[in-house]
There are 2 protein chains.
Amino acid sequence: MVTDSRTRLVEAAQQLFAQQGVSATSPRDVLAASGVGQGSLYHHFPTKHDLALAAVAATAAETLEAARGRLQGDAAPLDRVVAYLERPRDALGGCRVGRLTADQAVVDDDGLRAEVAGYFTGLIDEVAAVLRETGLDADAALDRARACVAIIQGGYVLARATQDPELLRSAVRGFVALLTGPATA
Amino acid sequence: MVTDSRTRLVEAAQQLFAQQGVSATSPRDVLAASGVGQGSLYHHFPTKHDLALAAVAATAAETLEAARGRLQGDAAPLDRVVAYLERPRDALGGCRVGRLTADQAVVDDDGLRAEVAGYFTGLIDEVAAVLRETGLDADAALDRARACVAIIQGGYVLARATQDPELLRSAVRGFVALLTGPATA
DNA sequence: GTCTATACAGAGATAGAC
DNA sequence: GTCTATCTCTGTATAGAC
């Protein structure tokens, strides 16, 4: 079965949003990338907003699921968090979800922002749950989980600003050294 | 002496870029905000790119200077870093410089990106220098300085995503607890 | 469901008068 | 140096045939 127009449109939009953001991506761009005709786009998605919502929701869900997979497993809790932090990333591309927070049109739209917010709260909750397994109390685990997620997002910013993936790795290294304590530092 | 057109244009552009980013801000927006006429804009800045360069450079320089001021002083080195991290910030607005890294047009432009990169490398160097005063070796200080800068940038992302300034403060709290060690944690 | 053609606003810039 | 008028291209969407 050939992929249908609707699916191709959403997948093309996801890719373009990851590269250029939502505001900078036009319906025409999506049409060209998907190979679908103009009539089809506006049949499936009456407005650009409808398409954006579908694409952002799909990206947020996929990304959160991947992270959840990594944070679960048999390894020791702290090791799983460190493995999550140190996982290879497309540093120069940036986070497909996090970058959207710089797009004012996304933040100003309740529907789009809810998808982005859901990704981050879901990810933070997951990390916090793993940290609590280490014996940390709930409040400290939440602060520390937010720091874990923030260090990745901030590392992306540094890497993109300097066009040097090493800055993401370096920031993570500095953080992990603090996280694992004097024993490993 | 009344502020001249050129200055008013740059200041208006700085404000608009902080709110909407570079790509999303049109020359017309800048004209309206500055109260200057169209002829003047294109007299002082032949293209939008010229104006963007002037405005981004000004913002990067101002922001870096402000940070330097905070990181110098008589307090103990680690206290100065913590004070820098914990300083009140416009969490929902985001970093005026860092947010630009999500704008592909900025990253793809060597001139604009150089201004953004200069801000971050300057800031990181400053933090690293202060951390070395604590006795940390150069490599560890650099990793840790990058983590400090990244935690702020990442905290902004979380705060904007959830529209809740508390997430920036919480991420910083989690990081500072690790940074100041068991003594304060 | 999909196609082509068309509409209309705004972005970015130029022209030429003052 | 500053003004108004104008130009072209693209973003976003609609119309109506197939």
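Residue numbers begin at 1 in each chain, while the letters A, B, ... track the order of the sequences. Everything numeric in this text was worked out from a predicted model, so none of it was measured.
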Within 45° cone of F120(B) ring axis and under 6.0 Å: R113(B) NZ or CZ: no
So, [X] and [Y], do they make that salt bridge, N to O below 4.0 Å?
| X | Y | value |
| --- | --- | --- |
| E133(B) | R80(B) | yes |
| E126(B) | R70(B) | no |
| R8(B) | E11(B) | no |
| R169(A) | E86(A) | no |

Opening and closing nucleotides of DNA chain C in contact with chain B, under 4.0 Å to non-hydrogen atoms: dA11(C) to dT14(C)
Tabulated below should be each protein N or O lying under 3.5 Å from an N or O of nucleotides 4-11 of chain D; please produce it.
from: dG11(D); atom 1: N7; to: R28(A); atom 2: NH1; distance (Å): 2.7

Quick one, F45(A) and R6(A) - any side-chain contact, counting heavy atoms below 4.5 Å? yes
Flag side-chain contact, heavy atom, 4.5 Å: Q15(B) against R96(B): no
Going by number, which of residues 40-47 of chain A have a non-hydrogen atom under 4.0 Å from DNA chain C? S40(A), H43(A), H44(A)
Spacing of L179(B) atom CG and C148(B) atom SG [to the nearest 0.5 Å]: 5.5 Å
Donor on one side chain, acceptor on other, R99(B) and Q20(B), under 3.5 Å: no
Ignoring hydrogens and angles, tell me if any N or O in the side chain of R160(B) forms a donor-acceptor pair with the backbone of T101(A) under 3.5 Å. yes
